[in-house]
Amino acid sequence: MYCLIGHIEREFIEVPIGASWVEASMQTSGFNTARGFYIYTVQGGCVMELAIAQFWSSGIGSQGTTVVDFERKSYLMEVKHAKALLCSEKLALAAILNKIRASYRPIDSKLSTLSKDPDKLPSGKQTLALTLTYKFKLDDGAEVKPQIPLLNNCI
């Protein structure tokens, strides 16, 4: 599919009965400047609507189209009961959890001024630094990938 700035591209996808989760990936190409995208999904019955749009500020200086490849990798089902019509069957369900997502609040915060000249605004005002301290424990070999959605890839 092709995404133009300010245009919403919609796709309707048939969802298997009983699916409660979809894993998907999106790959973009056809541009050489930073782009921001808005992705929205909603499911009604057995159809999922996928809407993708570029932010209005995407690709400043370039009004070209962006190629977006969207791939659904798998659907997960919620199993409530199972029936075998011809004979009795034993089910051996298994799940492996290898990731956890947890939200943490800082236990301490400090606001300080940055002292160097490059850290001043054009008006001469000094910029500030916010240092947040978090407390958590990790097992040996664990990996951490911090995400700060409110900054929306600004840093």
Practice item. Taking the side chain as every heavy atom from C-beta outward, state whether Val68 and Glu9 have any atom pair closer than 4.5 Å. Key: no
Practice item. Please check if Val22 and Phe12 belong to a single hydrophobic cluster, counting links between Ile, Leu, Val, Met, Phe, Trp and Tyr side chain heavy atoms closer than 4.5 Å. Key: no
Review point. Cluster question for you: counting only ILVMFWY and a side-chain heavy-atom cut-off of under 4.5 Å, with indirect links fine, are Tyr134 and Leu138 together?
Key: yes
Exercise for review: Using the rule that two of Ile, Leu, Val, Met, Phe, Trp, Tyr join whenever any of their side-chain heavy atoms come within less than 4.5 Å, decide whether Leu130 and Ile107 are in one cluster.
Suggested key: no
Review point. CD1/Ile13 to CD/Gln43 distance, rounded to the nearest 0.5 angstrom?
Key: 10.0 Å
Check your understanding: Atom OH of Tyr40 and atom CD1 of Ile8: how far apart are they, to the nearest 0.5 Å?
Key -> 10.5 Å
Check your understanding: How close do Val15 and Val47 get, heavy atom to heavy atom, and via which atoms?
Key -> CG2-C, 4.3 Å
Exercise for review: Please examine the side chains of Thr133 and Pro106, heavy atoms only from C-beta on, and report whether any two atoms are closer than 4.5 Å.
Suggested key: no
